[in-house]
Protein chains: 2
Amino acid sequence: MDIKTLCLGLLCDGDASGYDLKKQFESTFKHFYPAGYGSIYPSLAVLADQGLVQCHAMPQDKKPDRKVYRITEAGRQVFETSLADASPEHKLRSEYLVAMYFADYLEPEQLEQMLTNWNQTLSDGVARLDLIEQEFGPDVPPGTRFVLGFGKALATAMASYVEENRSLLLPATSTRNKRVDARIESSSTAQTTNLENRV
Amino acid sequence: MDIKTLCLGLLCDGDASGYDLKKQFESTFKHFYPAGYGSIYPSLAVLADQGLVQCHAMPQDKKPDRKVYRITEAGRQVFETSLADASPEHKLRSEYLVAMYFADYLEPEQLEQMLTNWNQTLSDGVARLDLIEQEFGPDVPPGTRFVLGFGKALATAMASYVEENRSLLLPATSTRNKRVDARIESSSTAQTTNLENRV
DNA sequence: TGCAGCATGTAATTTGTTACATGATTAA
DNA sequence: TTAATCATGTAACAAATTACATGCTGCA
């Protein structure tokens, strides 16, 4: 699944311009599938080329034409197929976890700073999701409620975990060297142990 | 932060070959920063070029030379700097959530299937992390314990959330149309409402 | 005066993934 | 005999990010 498919999906819910779609990608979708103009505009162009959407240009005073896109029958079918076909992927990429893994290469104050920072980011995230939910008013569509709730639940779980386990990373005694030895030994299947040949 | 930096970090803990590093990326790092040969080998070549690591080729019978990499002083410094400098990013990209958002475009059975699938994937993930932890024996290094625990906590939280909220997505009455209308109205700042010009 | 919002896009770059290419050993 | 482990890499491709480029309106 890529941004093209996502645009198609959003257009299933109604006509929109690239600018409109961007707003969705920055609000409801931000925590699990963000996208910028650089991906959205080219996607729409391709979709129009393929006949999966139609473009209607609406002239405006002193602004570029507002290009409103509407999904076609073909587009709708393509979307539904790719939604059902895909074996969905769920990927996390976290530099925070990298930093935590290597915590003993950080100064304690840096580590503290980073943990504080992370916590702040997480609660900001929850607040942001709450705001979005409020903006929908009383009738939040089920899918939207599900993904917003998911985001909040995850952020909360992460914050708790970090709070409850930060002590793991602070102690004075590092075990890093033990791990090192373990890895070197287990991977020494080579014939020679001499590291010095052919520097 | 990129795979190069990660390799550098892992080499701070001891010499290793590309093959060795891959194993780390596929075990401890898999849930938050996976990488394949296609990223690792080129990374090591670049790092060697830049003098951040040194390469020692160890001849082997009927196998390609085993190339063991060792970090240099310069490499260590570069790593520590980038670890401290980075304002860490934490990114999720989930096609499952996309599918849930668009749940009412799926057949109920497909949705059920997908939810079951997701749950299975999550518990497999927890099992995998448990196994890795066990393989370390009694002395799991703190950073490792932190990231493995994090992975388990997250997966568990996700599974709970999905279980507790799947009902949100199943009801017969869809609210999708309401949302559609809402968006179309709120974005109608254009001068003309006529979508038919310049098809 | 300056910034946020409206509104479009392109092009270069970065980054990583996938597929390809090779080939021995060992345990089930 | 077949799959997994060991062991290296390259090249084409896909995808998305970032920076660039333009320009009006309305508010503080």
Side-chain angles (χ1 to χ4, degrees), chain A residues 1-7 15-27 29-30 32-49 55-69 82 89 91-93 95 183 186-192 198, chain B residues 1-7 15-27 29-30 32-49 55-69 82 89 91-93 95 98 186-192 198:
Chain A
M1 199 176 299
D2 52 14
I3 308 289
K4 275 201 295 293
T5 312
L6 264 286
C7 289
D15 301 343
S17 65
Y19 194 84
D20 292 333
L21 293 181
K22 171 74 170 355
K23 282 189 287 189
Q24 302 249 322
F25 279 111
E26 293 289 287
S27 61
F29 280 65
K30 184 149 189 226
F32 68 95
Y33 225 116
Y37 293 128
S39 335
I40 296 168
Y41 284 123
S43 289
L44 290 172
V46 171
L47 291 172
D49 249 31
C55 175
H56 310 265
M58 326 238 277
Q60 294 181 113
D61 261 6
K62 325 247 182 172
K63 275 190 230 175
D65 285 3
R66 190 177 133 87
K67 294 192 180 175
V68 175
Y69 293 86
S82 38
E89 290 191 343
K91 287 184 186 173
L92 176 65
R93 174 145 292 187
E95 294 176 357
R183 193 182 63 206
S186 74
S187 71
S188 292
T189 45
Q191 290 186 315
T192 166
R198 205 206 285 181
Chain B
M1 197 175 299
D2 53 15
I3 308 289
K4 276 200 295 293
T5 312
L6 264 286
C7 289
D15 302 343
S17 65
Y19 193 84
D20 292 334
L21 293 181
K22 172 72 169 358
K23 282 189 288 186
Q24 302 251 319
F25 279 110
E26 293 289 288
S27 61
F29 280 65
K30 186 154 188 222
F32 67 96
Y33 226 115
Y37 293 127
S39 337
I40 296 168
Y41 284 123
S43 290
L44 290 171
V46 171
L47 291 172
D49 249 30
C55 176
H56 309 264
M58 325 238 278
Q60 295 181 111
D61 260 6
K62 324 247 182 171
K63 276 190 229 173
D65 285 3
R66 190 177 134 87
K67 295 193 179 174
V68 175
Y69 293 86
S82 38
E89 290 190 343
K91 289 183 185 173
L92 176 66
R93 174 144 293 187
E95 294 175 358
V98 172
S186 73
S187 70
S188 291
T189 45
Q191 292 185 315
T192 168
R198 204 206 288 184

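Here the structure is a predicted model, which means the values were calculated and not measured. Sequence lines set the chain letters: A, B, ... in the order given, protein chains first and strands last, and positions in each chain run from 1.
Between the CZ atom of B/Arg66 and the C1' atom of C/dA24 there is a distance of 16 Å, given to the nearest Å. The NZ-C1' distance, from B/Lys23 to D/dA7, rounds to 11 Å in whole Å. Across the protein-nucleic acid pair, B/Asp65 atom CG and C/dT22 atom P stand 19 Å apart, rounded to whole Å. In this structure, CG of A/Asp20 is placed 15 Å from P of C/dG5, rounded to the nearest angstrom. Atom-to-atom, CG of A/Leu44 to P of C/dT8 comes out at 9 Å; the value is rounded to the nearest Å.
Pairing each heavy atom of B/Tyr69 with each of B/Cys55, the nearest pair is CE2-CB, 3.7 Å. Taking both residues in full, the closest heavy atoms of A/Tyr33 and A/Met1 are given as OH-O, 3.1 Å, listed atom of the first, atom of the second, then distance.
Here A/Lys63 does not reach the OP1 or OP2 of C/dG5: none of its side-chain N or O atoms lies under 4.0 Å away. Within the structure, a side-chain polar atom (N or O) of A/Lys67 is placed less than 4.0 Å from OP1 or OP2 of C/dG9. An OP1 or OP2 oxygen of D/dA7 is reached within less than 4.0 angstrom by a side-chain nitrogen or oxygen of B/Gln60.
Shown here are the side chain to side chain contact (heavy atoms under 4.5 Å, CB included) partners of A/Ser43, two or more places apart in sequence or in another chain: A/Ile3, A/Lys4, A/Cys7. For B/Phe29, the ring-ring contact (aromatic ring centres under 6.0 Å, His included) partners two or more places apart in sequence, or in a different chain, are A/Tyr101, B/Phe25, B/Phe32.
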Before giving the answer on side-chain contact (heavy atoms from CB on, under 4.5 Å), spell out for B/Val98 and A/Thr5 the whole-Å C-alpha distance, their side-chain angles and the decisive distance to 0.1 Å. CA-CA 10 Å; B/Val98 172; A/Thr5 312; over 6 Å; no
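Contact of the B/Arg93 side chain with the A/Pro34 side chain is registered, since non-hydrogen atoms from C-beta on lie closer than 4.5 Å.
Residue A/Pro64 places its side chain closer to C/dT8 than to any other of C/dG9, C/dT8, D/dT5.
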Output a table of nitrogen or oxygen pairs between the protein and nucleotides 10-20 of chain D separated by less than 3.5 Å.
{"unit_1": "D/dT17", "atom_1": "OP2", "unit_2": "A/Ser39", "atom_2": "OG", "d": "3.3"}

